[in-house]
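Heads up: the structure comes next, in structure tokens.
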Amino acid sequence: MVDADGRLLTGAREVCEMRELYEHRPSHRPRSAYADLALVNGRIYTGDPGLPWCSALAVAGGRIVARGERGDIAHALGAGTRLIDLGGRFAMPGLYDMHTHPDLALAPRYADDLDIGIVDPRPDEVRDAVLAYAAKHPDREWIYGQYFVRYTFRQAGLVPGKAWLDTVMPDRPVALLDRMWGTMMVNSLALERAGITAATPDPTNGYLERDPVTGEPTGLLIDGAYALIHAAMPPTPVPVLRAAYRDGIRYQSARGVVASKYVHVCENRLQALHALDTAGELTVRIEAAISWQDDIFPVRRRWELLTGERHYYRSARLNANAVKFHFDGTVEPRSSYLITPWDGANSGWAGKINLTPEHLADMLWDMDRQGIRVIAHCTGDAASDTFLDAVAEARRRPGGLGVRHQCAHCTILHGSNLRRFRELGVTAEFSPVSWYPSRFVSGARSGYGPERLSRAYNVKGVLEAGGVAVIGTDWPVSPLDPWIALETLVTRANPWGEMEGRFGEPISVEQAIGVMTRNGAWSMDMEHRAGSLEIGKSADVIVLDRDLFAIEPQGNIHATRVDLTFIAGELVHDRLNAESDAVWQGEAPKLW
């Protein structure tokens, strides 16, 4: 369907036109009495408590019209029905990744930015990568890339910042992001190009680390402060973003994802997604969240987008009816907003929030009245506490639509807030990166301390309190692969056995599937038409190479292969058949 250079072939265009017809049917168009598609002879987990298992599904017009045993769908089979024999394979509803950033991870590849390419690079490895990149790209004005890791500097007895980076590269501007995307390290020339001096005030959504005596910036910009650097750099071109999103979407389809939220978008990112949609390559339903403030990069036309231009991009598979912002920071720079100070009685520093409670309450109410979902990054327990307070205030004011807002990450939750997710209709979103023991988690974990960590990523607590929990891979902070998330929801252990132990309370396989299917649909206001395999719902089905209920979870679920992915009855991924008419064929591409 697509050639080696990414061009859409003639046959693919015809399929794209068919896809559009699948997802839109004029109300008075005559309907066929027969199904377009039937899946038979499978072990199909529906996610519907009323009929959790069946062996056959019939699909017409993109929706499930019959299910049960083969005989239960026989009436829907006609001469034009495409019949697929699953040969006993396991099938289930497609997955939902409710927070990720494929553009941030992949655009640097197409922009040919610096990628150090090491998970936890030591300072000497960062230095060597910068020097090698500079030698290879003598004409590049900026050296921009990823990642450095703070704790490897601590381990080496070094302090990251402009003083260190100036010794590496004094005569070209350099900007490097840390792996958690909470800090940018720049050299003196980068600060100069951005016009940042001791007199530059901290933005409301971040801060400059400074010399305590002189007030001079140290070259570490925290959270939204690094947008000041991005503002001095050329914006990422739309073709680069389109190529990045295309890779991410292809990967997600190949790993069974049917819906996703891409957060922190701006106009050129929406243009890139719109171009993919028009080309028939948007094989995942995307809710794109416009960046509420300049948390990562400047959003120059934010207000035009929010007041109406977002509707220009609307389709069956794309909407921009959400905003995203960093309400607090991250663990490594200790900018998460906590209920108790970071160092207990030894310090009064409890982190900070980037909007005042009054600002947040007004914004939430205003967005709610427009039907726009608010997605707030909350890593500290005080941040999520304040966010839930603001939702409660918005619910008390007149005119709201009761939008299902989203508390992103939910790293540390206060126990009294678990029930409030259900009471307020707020989605509790969790990120999988810290669900299992790893070097990265160990490095970050020390900052929160043992008491807080005992409450971290409390998916089970939210579910037991009746709330809706979802997952977001948060790529590039953690891998885009949803099967790692599903396994670690069930085990909370390292999938590869690299480190022993368990972190947090696991949930069952059935609960985990519900979190990553039905709950995702709820958080996108789609639970009445997607998220489980019920009659009348969208035929979003994935066929796997293994039965998730028949295997030992640890070490196995993350290695699941997705043979087929259907969205609204359209075959968008076929792993085993290179001649398939699916949009994508073969294994998921390697992205990291």
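Scope of the values below: all heavy atoms of this structure, side chains included, with no hydrogens, waters or symmetry mates.
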With L533, which of P93, C54, P52 fulfils side-chain contact (heavy atoms from CB on, under 4.5 Å)?
-> P93
Flag, side chain of R492 to backbone of F503, donor-acceptor distance under 3.5 Å = yes
State whether the side chain of N556 and the backbone N or O of E552 hold a donor-acceptor pair below 3.5 Å, judged by distance alone.
-> yes
Check whether the side chains of T565 and S253 place a donor and an acceptor atom closer than 3.5 Å, and report yes or no.
-> no
Would you indicate whether the side-chain heavy atoms of T473 and H99 approach each other to under 4.5 Å?
-> no
R269: partners by side-chain hydrogen bond (donor to acceptor under 3.5 Å, both in side chains), with sequence neighbours left out | D103
Within 45° of the six-membered ring axis of W522 and under 6.0 Å from that ring's centre, is NZ or CZ of R518 located there?
-> no
How about L306 and V323: do any of their side-chain heavy atoms sit closer than 4.5 Å?
-> yes
What are the two closest heavy atoms between I557 and W483, and how far apart are they?
-> O-CB, 3.6 Å
Do the side chains of V257 and Y96 get nearer than 4.5 Å, heavy atoms only?
-> no
Pairs involving residues 72-100, ordered by first then second residue, that meet salt bridge (charged side-chain N to carboxylate O under 4.0 Å, His left out) (sequence neighbours left out) | R82-D581, R89-D563
Would you say the side chain of F421 lies within less than 4.5 Å of the side chain of T427, judging by non-hydrogen atoms?
-> no
Using a 4.5 Å cut-off on heavy atoms from C-beta on, say whether the side chain of P495 contacts that of T488.
-> yes
Is the shortest heavy-atom distance from the side chain of H101 to the side chain of D474 under 4.5 Å?
-> yes
Spell out, as yes or no, whether a donor-acceptor pair under 3.5 Å connects the side chain of R373 to the backbone of R404.
-> yes
Hey, are Y313 and D277 close enough side-chain-wise for a donor-acceptor pair under 3.5 Å?
-> no
Whether E487 side chain and G555 backbone form a donor-acceptor pair below 3.5 Å | yes
With a 4.0 Å cut-off, would you call R317 and E281 a salt bridge?
-> no
Run the salt-bridge test on R301 and E309 with the 4.0 Å N-O cut-off and return the result as yes or no.
-> yes
Expected output: side-chain N319 to main-chain R314 donor-acceptor under 3.5 Å = no
S538 and R285: side chain to side chain donor-acceptor pair (under 3.5 Å), yes or no, with the steps?
-> CA-CA 12 Å; S538 182; R285 292 191 189 92; 2.9 Å; yes
Output yes when a side-chain donor or acceptor of D368 lies under 3.5 Å from a complementary backbone atom of L401, and no otherwise.
-> yes
Between W292 and W303, does a ring pair (Phe, Tyr, Trp, His ring centres under 6.0 Å) hold up when you go through it step by step?
-> CA-CA 9 Å; W292 174 256; W303 307 117; 5.4 Å; yes
Excluding sequence neighbours, so at least two apart, what forms side-chain hydrogen bond (donor to acceptor under 3.5 Å, both in side chains) with R250?
-> none
Mark yes when over 12 heavy atoms from residues, nucleotides or ligands other than E510 sit less than 6.0 Å from its CD; otherwise mark no.
-> no
State, yes or no, whether a side-chain contact exists between Y245 and V265 at a heavy-atom distance under 4.5 Å.
-> yes
For the ring pair H558 and W496, is the centre-to-centre distance below 6.0 Å?
-> yes
Tightest non-hydrogen contact, residues R242 and A272, listed as N-CB, 3.5 Å
Please name the pair of heavy atoms, one in A58 and one in A35, separated by the smallest distance, quoted to 0.1 Å.
-> CB-CB, 4.0 Å
Taking K537 for the side chain and E527 for the main chain, is one N or O donor matched with an acceptor at less than 3.5 Å?
-> yes
Expected output: side-chain D36 to main-chain G61 donor-acceptor under 3.5 Å = yes
Q252 side chain reached by S260 side chain, heavy atoms, under 4.5 Å | yes
H274 ring center within less than 6.0 Å of Y312 ring center | yes
What pair of heavy atoms forms the shortest contact from G256 to V562, and how long is it?
-> N-CG2, 3.8 Å
Contacts satisfying salt bridge (charged side-chain N to carboxylate O under 4.0 Å, His left out) that involve residues 38-56 (not counting sequence neighbours) are R43-D547, D48-R67
List for me each residue that meets ring-ring contact (aromatic ring centres under 6.0 Å, His included) alongside H377, sequence neighbours excluded, and say none if there are none.
-> H326, H409
Sidechain N-carboxylate O distance under 4.0 Å for R420, E423 = no
Centroid separation Y251 to W584 less than 6.0 Å | no
Looking only at heavy atoms, which two atoms of T517 and G94 are closest? And how far apart?
-> CG2-O, 3.4 Å
Listed partners of F430 passing ring-ring contact (aromatic ring centres under 6.0 Å, His included), at least two apart = none
